[in-house]
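Below: the structure, in structure tokens.
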There are 2 protein chains.
Amino acid sequence: MTTLTIRQMAHASGLSAHTLRYYEDIGLIDPVRRSASGHRCYSEHDQRWIAFLLRLRATGMSIQDMLAYATLRRDGQQLDSVVRRQQMLQQHVLTLENRLAALQDNLSVMRDKVVFYTELASTLQADAQPDSTGAAHDPITLSTRLEPPA
Amino acid sequence: MTTLTIRQMAHASGLSAHTLRYYEDIGLIDPVRRSASGHRCYSEHDQRWIAFLLRLRATGMSIQDMLAYATLRRDGQQLDSVVRRQQMLQQHVLTLENRLAALQDNLSVMRDKVVFYTELASTLQADAQPDSTGAAHDPITLSTRLEPPA
DNA sequence: CTGAAGCTTCGAGTGCACTCTAAGTCAAGC
DNA sequence: GCTTGACTTAGAGTGCACTCGAAGCTTCAG
């Protein structure tokens, strides 16, 4: 029963009031119920839908595609529509799985590079102050590290 | 020693020749060595850098930030520059780790939803053809599934 | 020798997703 | 009763990262 004003909805969602109206305009959000004075009251149903929209958006789905999904959703329990939504989401999940794998790969390369730069920095620092640690200078460390990994 | 023409580099990188020149123009790629006739020859060093740039780009780093990194890279082994690059990458890694976690969360919600829609679809199908499988009709399956999870 | 590819400069155009402005009206809370 | 917030339509502006095109020249491969 907790309905929200546009301001509250904006705050809760992280979207601006502008954007919320914009989403409603283009049909991404169904027409929101109004108070007697014509102000929007976002129902919990609206809130859940917006939360899900944010997940689609956060995972890079275009407004076009979200619109297609939102349109199908209006058909409710119609078999065709349910199947199409299932297919859309399935496809999206596959896309995300690929992106996830790519991200993990990129992440591991970047972590290696961070390690490389960290080591290079301490080597350079040691060179700048050769006897500050009391450790013997090891020229091999520097010479074997001159080239960045990528 | 394998140098590439702009066309080959474009093909290898997935960038257009236009974009490769554009990247060079704005300083994302150092001036590429030229043949006697003035045509670009991408060295292996260039190729490695471009490959890394693509990783930065693929992980959502803005051109501005890549530019900052590319600029630092020109300082070579200067301690300051090395430390700054290390910090930039470290920060980027942290960003990516957050994104990775968010993506995994979103992915699990979407997988659940796919399952929900799959089950709903088969329930609806069973309803449409009540005796096609010979299985007894279970009204609870339908009635407990009327509301989507989000 | 000819057609495809490369070079330059430079500016305009594209697509996406907002984001904001303006102008004017209406309504609720202190 | 006045400030604040909400409403409307309609259109312009923003930022990003390309992306393309034109003009006019040179050069390489078959």
Side-chain angles (χ1 to χ4, degrees), chain A residues 3-43 46-47 49-50 52-71 92 95 99 106, chain B residues 2-43 46-47 49-71 92 95 99 106:
Chain A
T3 72
L4 302 180
T5 67
I6 196 165
R7 177 151 274 250
Q8 291 167 327
M9 190 67 241
H11 185 259
S13 65
L15 297 171
S16 67
H18 261 305
T19 302
L20 282 168
R21 290 196 204 96
Y22 166 69
Y23 277 3
E24 193 176 330
D25 268 8
I26 65 174
L28 215 44
I29 299 173
D30 284 340
V32 175
R33 238 200 48 236
R34 305 304 182 98
S35 69
S37 56
H39 289 198
R40 286 171 180 81
C41 297
Y42 290 86
S43 69
D46 294 327
Q47 292 166 44
W49 169 238
I50 289 167
F52 184 63
L53 265 189
L54 288 177
R55 283 187 190 273
L56 292 179
R57 191 179 75 144
T59 50
M61 188 179 282
S62 70
I63 282 189
Q64 281 281 306
D65 286 357
M66 290 194 288
L67 212 42
Y69 189 90
T71 304
H92 194 51
T95 303
R99 281 238 302 273
N106 285 326
Chain B
T2 325
T3 72
L4 302 180
T5 68
I6 197 165
R7 177 149 273 250
Q8 290 167 328
M9 189 68 241
H11 185 259
S13 65
L15 297 170
S16 66
H18 261 304
T19 301
L20 282 169
R21 288 194 205 99
Y22 166 69
Y23 278 4
E24 194 176 327
D25 269 7
I26 65 174
L28 216 44
I29 299 173
D30 285 338
V32 174
R33 238 199 50 234
R34 304 306 181 95
S35 69
S37 57
H39 290 197
R40 287 172 180 79
C41 297
Y42 290 86
S43 69
D46 294 327
Q47 293 166 43
W49 170 238
I50 289 167
F52 184 63
L53 266 189
L54 289 177
R55 283 188 189 272
L56 292 179
R57 190 180 73 145
T59 50
M61 188 179 282
S62 70
I63 282 191
Q64 280 281 307
D65 287 357
M66 290 194 287
L67 213 41
Y69 188 90
T71 304
H92 194 50
T95 303
R99 282 237 302 273
N106 285 326

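Proteins come first, then strands; the chains are lettered A, B, ... in the order of their sequence lines, and each starts at number 1.
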> For B/Ser16, what residues pass the side chain to side chain donor-acceptor pair (under 3.5 Å) criterion, not counting sequence neighbours?
Replying inline: B/Thr19
>> Going by side chain to side chain donor-acceptor pair (under 3.5 Å), name the residues that satisfy it together with A/Tyr69, two or more places apart in sequence or in a different chain.
In response: B/Tyr117
At what distance, to the nearest 0.5 angstrom, does [atom1] of [X] lie from [atom2] of [Y]?
X       : Y       : atom1 : atom2 : result
A/Gln47 : A/Gln8  : CD    : CD    : 9.0 Å
A/Arg57 : A/Thr59 : CZ    : OG1   : 10.5 Å
A/Leu15 : A/Ile29 : CG    : CD1   : 7.0 Å
A/Arg33 : A/Arg40 : CZ    : CZ    : 13.0 Å

>> D/dT8, OP1 or OP2 - any side-chain N/O from A/Arg34 closer than 4.0 Å?
In response: yes
>> Under 4.0 Å from OP1 or OP2 of C/dT8: is there any side-chain N or O of B/Arg40 that close?
In response: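 Answer is yes, contact under 4.0 Å.
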Which atoms of nucleotides 26-30 of chain C (N or O only) lie under 3.5 Å from a protein N or O atom, and what are those distances?
none

> Between A/Gly60 and A/Arg99, which heavy-atom pair has the shortest distance, and what is it?
Replying inline: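 For A/Gly60 and A/Arg99, the tightest heavy-atom pair comes out as N-NH2, 4.3 Å.
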> Considering the terminal five base pairs at each end of the helix from C/dC1-D/dG30 to C/dC30-D/dG1, what angle separates the two local helix axes, rounded to 10°?
Replying inline: 30°
> Between atom CG in B/Leu53 and atom C1' in D/dC18, what is the gap in whole Å?
Replying inline: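 Computing the B/Leu53:CG to D/dC18:C1' distance gives 15 Å.
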> For DNA chain C, what residues of residues 62-69 of chain A have any heavy atom nearer than 4.0 Å?
Replying inline: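 Residues of residues 62-69 of chain A under 4.0 Å from DNA chain C: A/Ser62, A/Ile63.
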> What are the residues of residues 14-30 of chain B, sorted by number, that bring a heavy atom to within less than 4.0 Å of DNA chain D?
Replying inline: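 When residues 14-30 of chain B is checked for heavy atoms under 4.0 Å from DNA chain D, the hits, listed by number, are B/His18, B/Thr19, B/Tyr22, B/Tyr23.
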